[in-house]
Trainee: 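The structure under discussion is supplied below as structure tokens; questions concerning it will follow.
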Amino acid sequence: CLFNSTPFLNEDGVKTGAFAMVTDIRPQKALEEELREAKVLADEANRTKSEFLANMSHELRTPLNAVIGFSDFLSNEIYGPLGDGRYAEYVGDIRDSGTHLLNLINEILDVARVEAGRLELREAEVDVAEIIERCLRSVDMSASKSGLTLTGDALDDLPFLFCDETRFRQILMNVLSNAVKFTEPGGSISVYANQLETGNLEIRIRDTGIGIAEEDMVDVFKVFGQADTSIHRRFEGAGLGLPLTKALVELHSGEFELESTPGVGTTAIIRFPEIRLVRRG
């Protein structure tokens, strides 16, 4: 309890009495204690979740690597032909499915690390133009198979970026892969990069795909969120790519946003602050 006393004084300034007010702060203290206990439980739950995901990812990745490795071994017919041509097709499906599941596990682990604040960046000066061109080459085959035009513009005279190269590639590949997946045959994907007057580096990846409705924009940035949550979604995906991409950009003190119109396309905008840019020569 808190006790406050205010004296009563007469005209001569002599104390003639006092007014006392007692405040019971026990409910407030009880609430504070409950909040502290809730925070401790939440922190413990986060640690438990992170440890569980780390352990499970290891347990799942080990057999998956074996599945992928042996399927590659079989598809190359090291010990001779498989026989029926359908076997090669089935082995290819096994390898592709295993690789897809392995990538999904890695994304889940990355999301857990980001949420727990345990994702560490291994930073160095990276050639932005070179990484963009390498990423474009990586998706070129899948874009061609889908009948898409893939271009890179204004990739000369770009500064180097002080960043985690692996995560920077992951950011670009996530956006480019999404663009390929959600763009109809005959469409196009373009990458434009330049240093703004503000000094920041901006990378724009624009596609002519299906686009995202304004009311769905919030959902695509939620973990496991989807713009289309119906059972019969046209496009597969766990809804981890965009939330993870945004988190990785923000870990580099950058900004990530989408501008989209349904039926017209989507532009992903990635910005890195000038403080991370390095000019050479």
Trainee: Roughly how far, to the nearest 0.5 Å, is CG of Asp96 from CG of Leu101?
Mentor: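 The CG atom of Asp96 is 12.5 Å from CG of Leu101, to the nearest 0.5 Å.
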Trainee: Which atom pair, heavy atoms only, marks the closest approach of Pro185 to Leu148?
Mentor: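 Of all heavy-atom pairs spanning Pro185 and Leu148, the closest is CA-CD2, 4.1 Å.
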Trainee: Against Gln170, only a single residue in Thr245, Asp110, Asp164 fulfils side-chain hydrogen bond (donor to acceptor under 3.5 Å, both in side chains); can you say which?
Mentor: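 Between Gln170 and the candidates, side-chain hydrogen bond (donor to acceptor under 3.5 Å, both in side chains) is satisfied uniquely by Asp110.
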Trainee: Which heavy atom of Leu251 sits nearest to which heavy atom of Leu121, and what is that distance?
Mentor: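 Distance-wise, the nearest heavy atoms are O-CD1, 3.6 Å.
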Trainee: Any link between Phe162 and Val128 through a network of hydrophobic side chains (Ile, Leu, Val, Met, Phe, Trp, Tyr) touching at under 4.5 Å?
Mentor: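 No, it is not one cluster - the side chains of Phe162 and Val128 are not joined through contacts under 4.5 Å.
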Trainee: Flag the pair Lys246 and Glu250 as a salt bridge only when some basic side-chain nitrogen lies within less than 4.0 angstrom of an acidic carboxylate oxygen.
Mentor: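 Yes, this pair counts.
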Trainee: How long is the straight-line distance from CD of Glu184 back to CG of Asp207, given to the nearest 0.5 Å?
Mentor: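 Separation between the atoms: 11.0 Å.
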Trainee: Please answer: with hydrophobic residues joined when any side-chain heavy atoms are less than 4.5 Å apart, are Leu102 and Val91 in the same cluster?
Mentor: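 No; tracing contacts between hydrophobic side chains, which count when under 4.5 Å, never links both residues.
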Trainee: Verify, without hydrogens or angle tests, whether Asp153 (side chain) and Tyr192 (backbone) share a donor-acceptor contact under 3.5 angstrom.
Mentor: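 Pair absent, no side-chain N/O of Asp153 close to backbone of Tyr192.
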Trainee: Whether the side chain of Asp140 engages the backbone of Leu136 through a donor-acceptor N/O pair (distance < 3.5 Å, no angle test) should be reported.
Mentor: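 Checked: no pair found.
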Trainee: Please find the pair of heavy atoms, one from Pro273 and one from Ser253, that lie closest to each other, and give the distance.
Mentor: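 Heavy atoms of Pro273 and Ser253 come nearest at CD-O, 3.3 Å.
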Trainee: When rounded to the nearest 0.5 angstrom, what distance separates CG in Leu35 from CD in Glu37?
Mentor: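 Those atoms lie 9.5 Å apart.
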Trainee: Return yes when atom CD1 of Ile275 has more than 12 non-hydrogen atoms of other residues, nucleotides or ligands closer than 6.0 Å, and no otherwise.
Mentor: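 Open.
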Trainee: What distance do Asn178 atom CG and Leu242 atom CG have between them, rounded to the nearest 0.5 Å?
Mentor: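 CG of Leu242 is found 5.0 Å from CG of Asn178.
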Trainee: Give, for atom CG of Asp127 and atom CD of Glu133, the distance between the pair rounded to the nearest 0.5 Å.
Mentor: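 Between Asp127 CG and Glu133 CD, I get 8.0 Å after rounding to 0.5 Å.
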Trainee: For the backbone of Tyr87 and the side chain of Asp84, can you confirm whether one donor and one acceptor N or O come within less than 3.5 Å of each other?
Mentor: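 Checking the backbone N and O of Tyr87 against the side chain of Asp84, no donor-acceptor pair under 3.5 Å is found.
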Trainee: With a 4.5 Å cut-off on side-chain heavy-atom distances among I, L, V, M, F, W and Y, is there a chain of contacts connecting Ile205 to Val264?
Mentor: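 Not linked; separate clusters.
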Trainee: So, Glu77 side chain and Leu82 main chain: donor-acceptor pair closer than 3.5 Å or not?
Mentor: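 Yes, because the side chain of Glu77 sits within donor-acceptor range (under 3.5 Å) of the backbone of Leu82.
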Trainee: What do the steps show when you test Arg167 against Glu165 for salt bridge (Lys or Arg N to Asp or Glu O under 4.0 Å), and what is the final call?
Mentor: CA-CA 5 Å; Arg167 299 305 179 182; Glu165 181 176 341; over 6 Å; no
Trainee: Near Glu214 CD, under 6.0 Å, is it more than 12 heavy atoms from other residues, nucleotides or ligands?
Mentor: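 Not buried by this count: 12 neighbours or fewer within 6.0 Å.
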Trainee: Can you check whether Asp72's main-chain N or O pairs, donor with acceptor, with Asn76's side chain at less than 3.5 Å?
Mentor: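 Confirmed, Asn76 side chain pairs with Asp72 backbone.
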Trainee: So, are Glu33 and Arg36 salt-bridged, with charged N and O less than 4.0 Å apart?
Mentor: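 Judged by the 4.0 Å cut-off on N to carboxylate O distance, Glu33 and Arg36 do form a salt bridge.
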Trainee: What is the minimum heavy-atom distance between Ser188 and Thr208, and which atoms define it?
Mentor: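 Looking at all heavy atoms of both residues, the shortest contact is N-OG1, 2.9 Å.
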Trainee: Going by atom types alone, do Ser260 and Thr266 pair a side-chain donor with an acceptor below 3.5 Å?
Mentor: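 Yes.
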Trainee: I'd like to know whether the aromatic ring centres of Tyr79 and Phe73 sit less than 6.0 Å apart in this structure.
Mentor: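 Yes: the rings meet the under 6.0 Å criterion.
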Trainee: For the residue pair Leu277 and Pro159, what are the closest heavy atoms and their distance?
Mentor: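 Nearest pair, atom of Leu277 first, then Pro159: CD1-CG, 4.0 Å.
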Trainee: Hey, is the main chain of Ala143 close enough, under 3.5 Å, to the side chain of Ser146 for a donor-acceptor pair?
Mentor: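 No, Ser146 side chain to Ala143 backbone: no donor-acceptor pair under 3.5 Å.
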Trainee: Do Asp157 and Arg279 sit within salt-bridge range, that is, some charged N less than 4.0 Å from a carboxylate O?
Mentor: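 Yes, charged N to carboxylate O under 4.0 Å.
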Trainee: According to a hydrophobic-cluster definition based on side-chain heavy atoms being under 4.5 Å apart (Ile, Leu, Val, Met, Phe, Trp, Tyr only), do Leu244 and Leu258 belong together?
Mentor: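 Yes, one cluster joins them.
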Trainee: Going by an N to O cut-off under 4.0 Å, is there a salt bridge joining Lys39 and Glu34?
Mentor: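 Glu34 and Lys39: not salt-bridged.
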Trainee: Mark yes or no for whether Ser97, through its side chain, and Ile94, through its backbone, hold a donor-acceptor pair below 3.5 Å.
Mentor: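 Answer holds: no.
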Trainee: What closest approach, in Å, do Phe272 and His252 show between heavy atoms, and which atom pair accounts for it?
Mentor: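 Closest approach of Phe272 to His252: CE2-CB, 3.8 Å.
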Trainee: Ignoring hydrogens and angles, tell me if any N or O in the side chain of Gln195 forms a donor-acceptor pair with the backbone of Gly199 under 3.5 Å.
Mentor: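 Such a contact is found between Gln195 side chain and Gly199 backbone.
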Trainee: Consider only side-chain heavy atoms of I, L, V, M, F, W and Y, link residues closer than 4.5 Å, and tell whether Val191 and Ile269 are in one cluster.
Mentor: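 They do not share one cluster, since no chain of ILVMFWY contacts under 4.5 Å joins Val191 to Ile269.
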Trainee: Are Glu257 and Arg271 within salt-bridge range, i.e. N to O under 4.0 Å?
Mentor: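 Yes, this pair counts.
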Trainee: Any salt bridge linking Arg276 with Glu123? Criterion: basic side-chain nitrogen under 4.0 Å from a carboxylate oxygen.
Mentor: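 Yes, Arg276 and Glu123 are salt-bridged.
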